[in-house]
Amino acid sequence: MKVLGLETSCDETGLAIYDGELNGGKGGVLAQVLYSQIELHATYGGVVPELASRDHIRKLVPLLDELLLKANINKSDIDAIAYTKGPGLIGALMTGALFGRTLAYALNVPAVGVHHMEGHLLAPMIENEGIAFPFVCLLVSGGHTMLVQADGIGQYRILGESIDDAVGECFDKAAKMLGLPYPGGPNVERLAKDGNPHAYELPRPMLGKGLDFSFSGMKTAVHNLIKDTKGSDSDFRIRADIAASFQHAVVDTLVKKCTKALKQTGLKTLVIAGGVSANQALRTTLESSVDAIGGVVHYAPPHLCTDNGAMIAYAGHARLSMGSMDDLSVACVPRWSMESLVI
Ligand code: KG4
Ligand code: ZN
């Protein structure tokens, strides 16, 4: 089964074909294309929802043509379509959902609406056969910070989540305060490489309190630090030290919560997913801390960590293979709990 995946929940237009028959029936990504709207939103320092929707509409048709050419298949070879149904920006979601649902109707193939975070959670499995349920997943993106116990496709229990800002959002805001361009995560990581992670002590909020997170205090702490040191101005050394200290505090917090979640559930496998899981400092620190308690960490290659069409195609393929599909109506869900995804 060849599934076309469409991701349009925010500022990336991602399309991919996941083919269940590739690699001797193990499945694989036949082709993928991605258009990032970063430049479009860069001048505003963040995503402008209406501009995002309009750009998805402009890009979907030419990107589909490019994808089919890359995959060397015709539209009639598509067996099913998966689109991101939520959570995300409602206008942006509607563009992909309407495009996908309409195309599925025209081709007379099934369509399935996918939860964006389920796409992220399953993405590390696309190229890694070694990941098996059950596992604990740290989901860290621009809009979400969650610890989820994943027992199977659609079987997710939220162990903890952020009570305020998401960790990616916190990276983006810290970047902005440091005068770095959007999206902030990769730029903070780059700057942090030249800094001392122990130069400044930043708070590690809610460490003692279960598995929930809070990042708004960290943002305020960075703001105050920049004000006190005049770090947003020209001194590269100070800015690099702030970036490194901030990243160290975030990573430290995430690592402590992850090891706590593994101990609490008794599980040995940790999967990290979502845009922030591309962060190298997070990956290496988690690897050594989880290894120390006898566990193992899995993550996807960077291009499958941030938003992409392959994760939606893969999650759609998994759900369709279990008999899940949507009817003809198109209903996007801007806020949607992962715990309601049972097939
Ligand atoms: O998963 P994603 O592409 O989109 C959402 O679903 O939100 O995540 C985007 C977020 C942004 O906040 C971005 O700054 C962050 O992931 N990010 C990173 C890195 N790469 C992307 N944060 C820290 N380090 C990175 N290398
Ligand atoms: Zn995402």
Side-chain angles (χ1 to χ4, degrees), residues 5-14 16 32 34-38 41-42 45-47 49 52 83-89 92-93 96 114-124 137-146 148 161-162 165-178 180-193 195 197 215 218-219 222 243-244 246-255 271-286 299-312 314-315 334-336 338:
L6 304 166
E7 159 56 32
T8 65
S9 69
C10 192
D11 59 344
E12 321 273 355
T13 322
Q32 55 185 318
L34 183 79
Y35 177 80
S36 171
Q37 301 178 352
I38 284 177
H41 302 290
V47 179
Y83 56 86
T84 306
K85 183 172 168 176
L89 303 170
L93 288 168
V114 168
H115 192 294
H116 182 79
M117 298 313 289
E118 181 176 49
H120 275 305
L121 183 143
L122 299 176
C137 181
L138 173 71
L139 275 171
V140 272
S141 70
H144 292 82
T145 303
M146 285 193 273
V148 177
E161 59 190 326
S162 177
D165 293 355
V167 66
E169 188 184 349
C170 195
F171 263 100
D172 294 337
K173 286 180 179 159
K176 203 170 178 180
M177 291 187 262
L178 286 163
L180 300 169
Y182 175 85
N187 290 313
V188 169
E189 181 172 21
R190 222 164 285 134
L191 182 60
K193 287 202 173 91
F215 288 104
M218 192 101 77
K219 202 177 58 191
V222 172
F246 160 75
Q247 181 174 267
H248 181 60
V250 171
V251 167
D252 195 32
T253 307
L254 293 175
V255 168
V271 172
I272 52 170
V276 183
S277 70
N279 187 284
Q280 200 55 46
L282 175 64
R283 291 174 173 214
T284 48
T285 317
L286 264 177
Y299 42 77
H303 72 281
L304 293 175
C305 291
T306 43
D307 290 351
N308 63 86
M311 68 184 200
I312 303 304
Y314 179 76
R335 284 175 181 273
W336 189 6
M338 284 190 80

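Both counts, for ligands and for their atoms, begin at 1 and track the order of listing.
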Note to self: Is His116 close enough to the Zn ion (ligand 2) that one of its N, O or S atoms comes in under 2.8 Å?
What the structure shows: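 So His116 counts as coordinating the Zn ion (ligand 2), yes.
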
Next item on the list: For the Zn ion (ligand 2), decide whether His120 has an N, O or S atom at a distance under 2.8 Å.
Entry: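 Within the cut-off used here (under 2.8 Å), His120 does place an N, O or S atom near the Zn ion (ligand 2).
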
Note to self: For the backbone of Gly88 and the side chain of His116, can you confirm whether one donor and one acceptor N or O come within less than 3.5 Å of each other?
What the structure shows: no

Check: Within the side chain of Gln37, is there an N or O that forms a donor-acceptor pair under 3.5 Å with the backbone of Ala52?
Finding: yes

Need the ligand 1 atom indices (1-based, order shown) with element for anything under 4.0 Å from a heavy-atom of [X].
X      : answer
His120 : 1 (O), 6 (O)
Gly143 : 7 (O)
Asp172 : 11 (C), 12 (O), 13 (C), 14 (O)

Checklist line | Residue pair Met311 / Leu121, side-chain heavy-atom distance below 4.5 Å | finding: no

Check: Quick one: does Lys219's side chain get under 4.5 Å of Met177's, heavy atoms only?
Finding: yes

Next item on the list: Just let me know how Asp307 lines up against ligand 1, side chain, backbone, both or neither, with a heavy-atom cut-off below 4.0 Å.
Entry: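 Under 4.0 Å from ligand 1, Asp307 contributes backbone and side-chain atoms.
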
Next item on the list: Quick one: look at His116 and ligand 1, take heavy-atom pairs under 4.0 Å, and tell me if it's side chain, backbone, both or neither.
Entry: side chain

Next item on the list: Just need the protein heavy atom nearest to atom 10 (C) of ligand 1, so name the residue and atom and give the distance.
Entry: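 Scanning the protein heavy atoms, the shortest distance from atom 10 (C) of ligand 1 goes to Gly142 N, 3.5 Å.
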
Next item on the list: For Pro186 and ligand 1, answer yes if some heavy atom of the residue is under 4.0 Å from a ligand atom, otherwise no.
Entry: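 Yes; Pro186 lies near enough to ligand 1 that a heavy-atom distance drops under 4.0 Å.
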
Next item on the list: Kindly identify the option in Pro302, Pro183, Gly275 whose heavy atom sits closest to atom 8 (O) of ligand 1.
Entry: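 Ranked by closest heavy atom to atom 8 (O) of ligand 1, first place is Gly275.
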
